[in-house]
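What follows is a single structure, written as structure tokens, with notes after it.
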Amino acid sequence: MIDLIKINKMVFLSIVILLLSTPWILELLKRSLLLSILSLVLLICLVIIFNKSSAKLYLTTGLVFLVFTITVFVVSFDKTIFSLTDLQLMEINARRSYYPQGVGRIFHNKISVIFYGYEKNVFFGLDPNLYFFASHPRERAGADDFQRYYPWLLPFLVVGIFEFAKKKPTVFFSIVIVTSLMNGFINYKSTFNSLLFFPLISAFIIIGLNTSISYVRKHLK
Amino acid sequence: MKIKLFLIILILTGLAGFLRFFQLDQIPAGVFIDEASHGYNAYSLMLTGKDEWGQPLPIFLRSFGTYPSSLYTFLSIPIIKTLDLSIFSIRFLSALMGIILVVLTFFIIYFFEGSKSILKPTIGALFVVIVPWSVLFSRAAIEANLALTIVATSILCFLLSLKKTWWFIPGTILMALSAYAYHGERIFGIVFLMVFIYLKKDLWQKHKKLLIFSLSLFLIIQLPQFILLNKEGSIRRFEQLNYLSDDFYENHGEQFHNIIFGKQLFIAKEFSSQYLSYFSVRNLFFDPDPQPVRSIPNLSVFYVWMIIPLIFGLRVCWKRRSSILSKVLFVTIIISPIAAALVRDPFYTLRTLPGLWALTIVIALGFVDIFQNRVWSRLTYIVLVIVAAFSLIELYSGYFVLLKHERSSLYGYQYQQLSTQLNKYSDKKVLIAASGDYPTYIWIAFYQKIDPGKMQDFSKDRVRNDYYGNVQFDPNYQFANIEIRPLIWKNDIYIDQIIVAGPVTISSAQATEHKLTKVFEITDQAGQVALIGYKTNPKLKCGKQPIGKMMRDCLKWQ
């Protein structure tokens, strides 16, 4: 964090203002002040982790992530993935009939439907179009799709991901995997769908912007 | 070593052959309209030297006003001549191309990956054998699959040209020919060629004559396509689907209307979102192509477990980005979705097959990297067997069971069954009640093997001597006793005929009201009623003493 500020206070301030004015944080502030604060704290922790390593820092980040996740779960845990609708039951029965005797049950049962619903939430959260283009061109029926980040921030996200994965690969993959798996329990149609990714993506964008600005400044000298 | 190589390739082609040829004429059940069009036009060209519209040697097939590329159709002619027109014969070429792609993948990795390891090309080829997109598109008459194999062969030639430059000539010829196989390759071919020349510009500086000669050949082969660029037919699909028009901007770009350079920003946003969707984890590993005939139920283009080796593969290729194979893979992945991103169909997998193929190779390299030089390297083969088995089980469920049963009506299975019924009514008038502008006629033409001469006689006035310019399509047809058009209630129930319609077009209440007698019922593979055949009873409908309007209609049609 201190390295970021050292670059240029005005540049750093610009980055912060930019991210604070993204559509997502503005929407979040309207819907939940607590979640906004938690997500920003987590964002700061992640940016600091990029530059520093300490057990205390990892522990703090883990705790903040836990509190953040629990808070999101309290407001939008997807119970529907554990219960089957009549339509789903009809579909299971119909599909079982297509297989040889007894085989259909292996492929189509309550667990497979639950797992499919969970997978849907996970993978919908991993769609970059969701964040930069409101899921366009594959809008999700019934979902609260709005543009979460400005599209021109996308290249900086890519740079940020690349830098973070290169510098802290274990931390990077751990955070992405855990966030993705936790996101599977939040219905993609809920108001707070994919919110768990907000601190992560914002941190990557900040790092990407910082890296890009440093690179340009270095080559201009 | 050579025997080992031979055995591996034999096993891989055997497995590829089984997955691509097993029940090829039954799964998918029926043929999609594009397949029927390729098949019937190949049949027509074989018998008369002209397509269904009477055009000799079409560069693009007029088909139903979509103008697909024609190379697949032409290459199918000898197969149909040998095996007769059937579902198997029309899909044979695509299945064969799918097998050849496996062999090409093996050799590209083997010769150019750099390590001379036999494991990497084996796994690369194996992944192409089992990956969902390759199986799906190899088991249907898909011209894009032919284009992909031509592109892959061309890429192999380009790579070989780095050792012996004369290989550049066949590589260029093949890349030019790929544009006749699929529309997407008309852009991909040119861009790839330019980028490849740029990547090795130092080499081509020393072989200018060969370069100029090859590029001249490329342009000459492409000449017919360039000449037709001013004809609407050659850019028909783009015209129908692009987002560049003012109308589309007016209706969909509201948020940009009051911004300076609003239309340009709108187009940039559309292109960016479309392009990005081809790299979305959601689309590649979970949510398949939204068009059911281009996807497998519950299975996207890659298996879910392939996410992990993909990440490792990208890392490996980036680390070795100076190697020519990595460069070619990255270039293919990056430029493949460009053509697809210029139109508004979301995640249209057929238009980006070269990119999917390159990603499959990256996944294979990543898989090897996970295990190579690590503590758990001995688990490589065990894990490989487990993931391959798991994948094949998923493929069996999604493709060989669910797709066969749930998507049969999309593949016109009901018209295949109808064809058997129609033979019983050859002496009776038959009306196939088709709705909208869906080209139902092509299924009838394909399954009934309608005389191409008669088809051409019927169609020629519609083309009006402007094959590539007259793009409008009329879905109503008549072949001898069979008529295909929408049902006209006030007329058709008073004519002595068989009416074939879906359960939505004629309900059982309507059938009762209008004295229609059910004579046959056709179900799809899922057991749902798809088509019902009704015999009209005009005398019964009219009754002994019809009155008013009914009397006038009865008298008119009797």
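Values in this document were obtained by computation on a predicted structure and should not be read as measured data. Below, chains carry the letters A, B, ... as their sequence lines are ordered, and counting in each starts from 1.
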Working to the nearest 0.5 Å, report the span between [atom1] of [X] and [atom2] of [Y].
X	Y	atom1	atom2	value
W318(B)	K166(A)	CH2	NZ	9.0 Å
H108(A)	L402(B)	NE2	CG	4.5 Å
K269(B)	F132(A)	NZ	CZ	14.5 Å
D127(A)	L284(B)	CG	CG	10.0 Å
S397(B)	Y98(A)	OG	OH	12.0 Å

Is it the side chain or the backbone of [X] that comes within 4.5 Å of chain A heavy atoms, both, or neither?
X	result
I393(B)	both
P290(B)	both
F400(B)	neither
K404(B)	neither
N283(B)	both
A526(B)	both

- Item | Partner set under salt bridge (charged side-chain N to carboxylate O under 4.0 Å, His left out) for K218(A), not counting sequence neighbours |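 K218(A): no salt bridge (charged side-chain N to carboxylate O under 4.0 Å, His left out) contacts found.
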
Looking only at heavy atoms, which two atoms of [X] and [Y] are closest? And how far apart?
X	Y	answer
R138(A)	D289(B)	NH2-C, 4.2 Å
P346(B)	P137(A)	CB-O, 3.6 Å
L276(B)	L154(A)	CD2-CD2, 3.7 Å

- Task: Kindly say whether the aromatic ring centers of F133(A) and Y275(B) come within a distance under 6.0 Å.
- Result: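 Aromatic pair excluded; centres sit 6.0 Å or further apart.
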
Are more than 12 heavy atoms from other residues, nucleotides or ligands located less than 6.0 Å from atom [atom1] of [X]?
X	atom1	answer
I308(B)	CD1	no
Y215(A)	OH	no
N251(B)	CG	yes
R105(A)	CZ	no

- List in chain and number order the residues that pass side-chain hydrogen bond (donor to acceptor under 3.5 Å, both in side chains) with N193(A), two or more places apart in sequence or in another chain; answer none if no residue qualifies.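 Result, side-chain hydrogen bond (donor to acceptor under 3.5 Å, both in side chains) vs N193(A): R140(A).
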
- Task: Ignoring hydrogens and angles, state whether a donor on the side chain of E270(B) or H136(A) is under 3.5 Å from an acceptor on the partner side chain.
- Result: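 There is such a pair (donor and acceptor under 3.5 Å, judged by atom type) between the side chains of E270(B) and H136(A).
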
- Decide whether S277(B) and N129(A) meet the rule of one side-chain donor and one side-chain acceptor closer than 3.5 Å.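 Side-chain D/A pair, S277(B) to N129(A): absent.
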
- Query: With only heavy atoms counted, which part of Y116(A) is less than 4.5 Å from chain B, the side chain, the backbone, both or neither?
  - Reply: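 Both parts, backbone and side chain.
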
- Report the relative orientation of the aromatic rings in F312(B) and F173(A); use parallel for angles under 30°, tilted for 30 to 60°, perpendicular for over 60°.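 Correct class here is parallel.
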
- Among P297(B), S272(B), G527(B), residue most engaged with chain A (heavy-atom pairs, under 4.5 Å):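 Sorted descending by pairs with chain A, the first entry is S272(B).
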
- Query: Is the Lys NZ or Arg CZ of R282(B) less than 6.0 Å from the centre of F123(A)'s six-membered ring, within 45° of the axis?
  - Reply: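 No; the conditions do not both hold, so R282(B) does not lie above the ring face of F123(A).
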
- Query: Do you know which of V103(A), L126(A), I106(A) has the most heavy-atom pairs under 4.5 Å to chain B?
  - Reply: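 Maximum pair count with chain B is reached by L126(A).
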
- Message: Are the side chains of S280(B) and P128(A) in contact, using a 4.5 Å heavy-atom criterion?
- Response: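 Yes, their side chains come closer than 4.5 Å.
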
- Task: Step by step, work out the side chain to side chain contact (heavy atoms under 4.5 Å, CB included) result for E406(B) and R95(A).
- Result: CA-CA 9 Å; E406(B) 293 183 346; R95(A) 284 183 160 183; 2.6 Å; yes

